[in-house]
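All chains are named by letter (A, B, ...) in the order of the sequence lines, taking the proteins before the strands, and each is independently numbered beginning at 1. Predicted, not measured: the structure shown is a model, and the values here were computed from it.
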Amino acid sequence: MSVLVYTENWDGKFKKVSFELISYASKVAEMLNTDVAALSIGNVANDELQKLGGYGASKILSVENDNAKVFDAQNYTGIIAQVAEKIGAKVIIIANNNTGKAVAPRLSVKLKAALGASVSKLPLSVSPFTIYKRSFSGSAFSDVELKTDIKIITLAQNSFELIETANNATIEKVDINVDAPKTEVIDVQKQTGKLLLTDAEIVVSGGRGMKSPDNWGPLVELAEVLGGATACSRPVSDEGWRSHEEHTGQTGKIIAPNLYIAVGISGATQHIAGVSGSKYIVAINNDKSAPIFEVAQYGIVGDAQKILPQLVEAAKQVKGK
Amino acid sequence: MKILVCISNVPDTTTKVKFTDGDTKLDTAGIQWVINPWDELSLTRALEIKDDASSGVKSVTVAHVGPVTAEPTIRKALAIGADSAIRVNAEPSDAYFVAAQLAEVVKQEQFDIIMCGIESSDYNGSMVGSMLAEMLNIPSISAVSNLKVENEKPIVTREIDGGKEVVSTSTPFVAIVQKGIAKEPRIAAMRGIMMARSKPIKLYEPVAVDALTSYKKFELPEARPACKFVDAENAKDLIALLQSETKLI
Ligand SMILES: Cc1cc2nc3c(=O)[nH]c(=O)nc-3n(C[C@H](O)[C@H](O)[C@H](O)COP(=O)(O)OP(=O)(O)OC[C@H]3O[C@@H](n4cnc5c(N)ncnc54)[C@H](O)[C@@H]3O)c2cc1C
């Protein structure tokens, strides 16, 4: 018995989310009195694999196979299931990102294992196994019992602190039969090197109150100075003022940065659904009765175009830029 | 070629949810039920594909697992333009249960493309579509932001971290769709509403499946502390405040 974590890699590298998963898994393993094994699929160098040991994985299993070079949900499910069976995993932990959402439900069927998705805390208890998850798009939370012998959890990004440990992990290459995938990637368009909105710890976001696509300069600058990413409300991306990648909310990206600065955003339920996991919300809005102030811890009532340049200047001073 | 769009019946997205029975059940009093936003967009895209004769798609069916009270939502889907509907007559107990019911429907009726929303706005599981695919042992493509069908050959665009991938697949397959799949949901016109009345809703009785999970208790999020305001004239002070209190800057 052990806790198995699937740690995705991005061009052979792990990210903070990978280490969050391992840190979380280590705590779950403690509750169950067992250890953590991490599974990596694809070509990752040994020194990179070893990093997973620094957060509590005692065994690192690496599967390299030509049929697993590109992501196919059915194939990856098969690989994770075989490894889980091999090591007798009782709890499987996966990120609640695109990959996790594509794989975890398939794995749930394959292993007949109950799935708790979008979990943001440690299990409330391990017997019965009860998890705490987001529901109703963030307007509620629920305690859910996972009733099967094997359990799967997908962990919401940025919801668990990194915990470093002594690194005693062993690396093992695992040979697994993988069929040729039934899906084929025929084209990829990808920006590399850009901070992803879902990975950013600080996000500066603009709404219709920004008035025009031409006014975005100081907002983008503020994000840059703070080392953050930019986002926007749905009407802003619908109007084509900003790229769809930035659309945040119930029907766009769901993010949980440490700091979310909402500028000229009214705070509609559907928008808040995408950002309510943020640790701190700051609102800048010229209407003091805007609902965004009900969820914000810090606010300024005033004109965004006057306020943003002042914030940029102050941030530059603080950051020594 | 036949498309199936799986639809979920959810509280209107502006609903302030409340719970009853010692916070174990959703209080449905006063709730307006709507088609889950992503499912409405899936249906819109499915109809656009069918409208284009070169796609080879001949029919669009919607399927819902739920009690008779969900029929207005199903009728709405028919009014928007679905050719027919299927309802599995059961109280949906969890995603696994729902997927198992839909799997049975697909086995009986044989669809080529099955579309599901990336999540339902109530229980936020993001599960049904992928579970269904695994039960049927067919491919699934997740985070789909565009679907084209040319001469019965589907071409799918999916979102990946920092970009997009164009993917081809064998059929049948499940497309789990998200933002981008259609611009605006199609609205039912008067003619559609009239026609929907005579369109068939085929009834299936549920297959016996045990749910794998059970919801024990709901709670509302903790109230956030009251907002601290900084004067617009001294906007700069906000940065100092964030620096000293949140330690994030
Ligand atoms: C099914 C469904 C799903 C949806 N999903 C999403 C979603 O995912 N994400 C999303 O964002 N929305 C979503 N919406 C839309 C949502 O309901 C709101 O319409 C939207 O969030 C409003 O965007 P906004 O705050 O930018 O604009 P508005 O609501 O127009 O707010 C603009 C704000 O800017 C303020 N303002 C104006 N001028 C200034 C100024 N000079 N300086 C400072 N402030 C100023 C105003 O006081 C106002 O509060 C969805 C709606 C539906 C029905």
Answer with side chain, backbone, both or neither: which region of [X] has an atom nearer than 4.5 Å to a non-hydrogen atom of chain B?
X: A:Thr77; result: side chain
X: A:Leu196; result: side chain
X: A:Lys306; result: neither
X: A:Val103; result: neither
X: A:Lys288; result: neither
X: A:Ala273; result: neither
X: A:Leu311; result: both
X: A:Lys110; result: both
X: A:Ile254; result: side chain
X: A:Ser243; result: neither
X: A:Gln250; result: both
X: A:Lys15; result: side chain

Taking [options] one by one, which has the highest count of heavy-atom pairs under 4.5 Å against chain A?
options: B:Gly162, B:Ser142, B:Ala223; answer: B:Gly162
options: B:Thr24, B:Asp122, B:Thr169, B:Thr14; answer: B:Asp122
options: B:Gly125, B:Ser126, B:Ala100; answer: B:Ser126
options: B:Glu233, B:Met127, B:Met135; answer: B:Met127
options: B:Ala240, B:Pro225, B:Ser140; answer: B:Ser140
options: B:Ile118, B:Leu26, B:Ile138; answer: B:Ile138

- [ ] Identify which one of B:Asp21, B:Asp23, B:Asp27 satisfies the salt bridge (charged side-chain N to carboxylate O under 4.0 Å, His left out) criterion when paired with B:Lys25.
- [x] B:Asp21

Is [X] salt-bridged to [Y], going by a charged N under 4.0 Å from an acidic O?
X: B:Glu150; Y: B:Lys153; value: no
X: A:Lys190; Y: A:Asp11; value: yes
X: B:Glu245; Y: B:Lys228; value: yes

Verify the neighbour count for atom [atom1] of [X]: are there more than 12 heavy atoms of other residues, nucleotides or ligands below 6.0 Å?
X: A:Lys147; atom1: NZ; answer: yes
X: A:Asp187; atom1: CG; answer: yes
X: B:Lys16; atom1: NZ; answer: no

Quick one: what part of [X] sits under 4.5 Å from any heavy atom of chain A, side chain, backbone, both or neither?
X: B:Ile155; value: side chain
X: B:Ile249; value: both
X: B:Val17; value: side chain
X: B:Leu132; value: neither
X: B:Phe173; value: neither
X: B:Ala133; value: both
X: B:Glu119; value: side chain
X: B:Asn137; value: both
X: B:Tyr215; value: both
X: B:Pro37; value: side chain
X: B:Glu219; value: both

If we define contacts as heavy-atom pairs under 4.5 Å, which of [options] has the most with chain B?
options: A:Gly227, A:Ala140, A:Ala283, A:Ala117; answer: A:Ala140
options: A:Leu146, A:Leu226, A:Asn98; answer: A:Asn98
options: A:Ile186, A:Leu259, A:Asn258, A:Thr269; answer: A:Ile186
options: A:Pro128, A:Gly116, A:Ser137; answer: A:Ser137
options: A:Ala73, A:Gly138, A:Ala296, A:Gly302; answer: A:Ala296
options: A:Glu245, A:Gln297, A:Glu313, A:Gln191; answer: A:Gln297

Below 4.5 Å, heavy atoms only, C-beta onward: do [X] and [Y] meet side chain to side chain?
X: B:Leu4; Y: B:Val106; result: yes
X: B:Val144; Y: B:Ile181; result: yes
X: B:Arg45; Y: B:Asn146; result: yes
X: A:Ser237; Y: B:Lys179; result: yes
X: A:Asp199; Y: A:Asn158; result: no
X: B:Leu147; Y: B:Pro154; result: yes
X: B:Phe229; Y: A:Val301; result: yes
X: A:Ser135; Y: A:Phe141; result: no

Determine yes or no for a side-chain-to-main-chain donor-acceptor pair under 3.5 angstrom, with [X] supplying the side chain and [Y] the backbone.
X: A:Ser278; Y: A:Ser276; answer: no
X: B:His64; Y: B:Ile7; answer: yes
X: A:Asp143; Y: B:Phe218; answer: no
X: A:Ser108; Y: A:Ala104; answer: no

Task: Face-on cation placement of A:Lys121 at A:Tyr132 ring, 6.0 Å and 45° thresholds - done: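 That pair qualifies as a cation-pi contact.
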
